[in-house]
Amino acid sequence: EAAKTKTQHSGVDFETAAGEPVYAARSGKIVDVGQRDHLGTYVRIDHGGGLITVYGHLGAVSVAPGTCVTGGQEFAKAGQSGVAPIPQVHFEVLREGTPVNPLDFLE
């Protein structure tokens, strides 16, 4: 079954079940793990070259800032934190600090 998506803010939300694994889109270094009102529990990964991915609405995180991850590595579990009305994962891509279409990044 295809994941349902919903565009929100400068990223995309993927509807999923709470507790489902969340994987790094590409290899990089964890630069931030925290809480924000709208994103809830979030992780930011720096992939180098000015490219950063942001994952939000997480239920649990298994990495700390400074940790290196490889593309496809599980680093969190989906949740319903922040303003998420249902379990989902927010995915956002920043290039030099400017949001870009995250779906292009996944193709």
What distance separates [X] [atom1] from [Y] [atom2], expressed to the nearest 0.5 Å?
X     : Y      : atom1 : atom2 : value
His57 : Arg36  : NE2   : CZ    : 12.0 Å
Arg95 : Leu51  : CZ    : CG    : 5.0 Å
Ile52 : Thr98  : CD1   : OG1   : 11.0 Å
Gln73 : Ser62  : CD    : OG    : 7.5 Å
Glu92 : Arg44  : CD    : CZ    : 9.5 Å
Ser10 : Asn101 : OG    : CG    : 11.0 Å

Please name the pair of heavy atoms, one in [X] and one in [Y], separated by the smallest distance, quoted to 0.1 Å.
X     : Y      : answer
Pro87 : Ala18  : CB-N, 3.5 Å
Val12 : Pro102 : CG1-CG, 3.8 Å
Glu96 : Gly49  : OE2-O, 3.6 Å
Glu15 : Gln88  : CA-CB, 4.1 Å
Ala17 : Ala78  : O-CB, 3.7 Å
Ser27 : His47  : O-ND1, 2.8 Å

Going hydrophobic residue to hydrophobic residue with side-chain gaps under 4.5 angstrom, can you get from [X] over to [Y]?
X     : Y     : value
Tyr23 : Val31 : no
Val89 : Leu39 : no
Phe91 : Val63 : yes

Just by distance, do the side chain of [X] and the backbone of [Y] share a donor-acceptor pair under 3.5 Å?
X     : Y     : answer
Thr53 : Val93 : no
Ser81 : Leu58 : yes
Glu20 : Lys77 : no

**Report entry** side chain to side chain donor-acceptor pair (under 3.5 Å) involving Asp32 - partner list, sequence neighbours excluded
**Finding:**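 Counting only residues at least two positions away or on another chain, Asp32 forms a side chain to side chain donor-acceptor pair (under 3.5 Å) with Tyr42.
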Report task. Verify side-chain contact (heavy atoms from CB on, under 4.5 Å) between Val33 and Thr67, making sure each step is shown before the conclusion. Result -> CA-CA 11 Å; Val33 175; Thr67 305; over 6 Å; no
Query - Parallel, tilted or perpendicular: ring planes of Tyr55 versus Phe75, cut at 30 and 60 degrees - result: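 Judged by the thresholds at 30° and 60°, the geometry between Tyr55 and Phe75 is perpendicular.
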**Report entry** Heavy-atom side-chain contact between Val61 and Ile30 under 4.5 Å
**Finding:**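 Contact flag for Val61/Ile30 side chains = no.
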**Report entry** With Gln35 via side chain to side chain contact (heavy atoms under 4.5 Å, CB included) - residues at least two apart
**Finding:**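 Here the qualifying residues are Thr41.
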